[in-house]
Amino acid sequence: MRPKLDGILETAVYVDDMEAAHAFYSETLGLKRMVAGDRLFAYDAGPAQALLVFHRGHTGDDVPTSGGIVPGHDTSGHSHFAFRISSDQLQSWREYLGEQGIAIISEVTWPAGGTSLYFNDPDGNVLELAAAPLWPNFLA
């Protein structure tokens, strides 16, 4: 019998400019940085959730820690992830992103009734602000 998954604990994005990424994720989006290192910044993305911002090209080697080896990983190209928001925050986010000079590159109204706003971080990664419902298992 397959063990149960409890959800996604963390998601990652890879960037070339760590300081520009920190300014964006910390100052523009308001995420609190929990870890700062040469190859990784970790941000509080909500209860029991973390956004990992990795320095592209600096994460391919295994990393020994006191608790064990973290396997190397890397990616190229642009990544994607979504932040969950309430539908009553859509207009506030449209206005805020505009005030920050961040272009909304797409807005999608989903068949289930939810809405997504898409925009880019400084490295061109595609970020989404998603208001329920998008998926059958997406609870409002």
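In what follows, residues are counted from 1 in the order of the sequence shown. Source: prediction; values computed, not measured.
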Completion exercise
salt bridge (charged side-chain N to carboxylate O under 4.0 Å, His left out) pairs touching residues 19-31, sequence neighbours excluded, are none

Exercise for the section: Using the test side chain to side chain donor-acceptor pair (under 3.5 Å), find all partners of Asp62 that sit at least two apart in sequence or belong to another chain. Expected result: none

Handout entry: Residues which pass side chain to side chain contact (heavy atoms under 4.5 Å, CB included) with Asn120, listed by chain and number, not counting sequence neighbours
Key = Ile105, Val126

Practice task
Flag yes if more than 12 heavy atoms outside Ile69 fall under 6.0 Å of its CD1 atom; otherwise flag no.
Solution key: yes

Handout entry: Counterpart residues, side chain to side chain contact (heavy atoms under 4.5 Å, CB included), relative to Thr109 (two or more places apart)
Key = Thr115

Problem - Atom pair OG (Ser116) and CD (Glu128), whose distance is rounded to the nearest 0.5 Å - result: 3.5 Å

Completion exercise
Residues joined to Val70 in its hydrophobic cluster, side chain to side chain under 4.5 Å directly or through other members, sorted by chain and number, are Val63

Handout entry: With His78 via side chain to side chain donor-acceptor pair (under 3.5 Å) - residues at least two apart
Key = none

Handout entry: More than 12 heavy atoms from other groups under 6.0 Å of CG on Asp74
Key = yes

Exercise for the section: Identify, with sequence neighbours excluded, every residue that meets side chain to side chain donor-acceptor pair (under 3.5 Å) alongside Gln91. Expected result: Arg94, Glu95

Exercise for the section: Please list, chain by chain and in numerical order, all residues satisfying side chain to side chain contact (heavy atoms under 4.5 Å, CB included) with Ala112, sequence neighbours excluded. Expected result: Pro133

Problem - side chain to side chain donor-acceptor pair (under 3.5 Å) partners of Ser86, counting only residues at least two apart - result: Asp88

Exercise for the section: Heavy atoms only: give me the nearest Pro122-Ala20 pair and the separation to one decimal. Expected result: CG-O, 3.9 Å

Practice task
Please round to the nearest 0.5 Å and tell me the distance separating atom CD of Glu10 and atom CD of Gln49.
Solution key: 11.5 Å

Handout entry: Asp16: salt bridge (Lys or Arg N to Asp or Glu O under 4.0 Å) partners, not counting sequence neighbours
Key = Arg56

Handout entry: Leu127: hydrophobic cluster co-members (side-chain, 4.5 Å)
Key = Val13, Val15, Met18, Phe24, Tyr25, Leu29, Leu31, Phe41, Tyr43, Leu51, Val53, Phe81, Phe83, Ile85, Leu90, Trp93, Tyr96, Leu97, Ile102, Ile104, Leu117, Phe119, Leu129

Practice task
Taking the side chain as every heavy atom from C-beta outward, state whether Tyr14 and His55 have any atom pair closer than 4.5 Å.
Solution key: no

Handout entry: Contact list for residues 38-47, test salt bridge (charged side-chain N to carboxylate O under 4.0 Å, His left out), sequence neighbours left out
Key = none

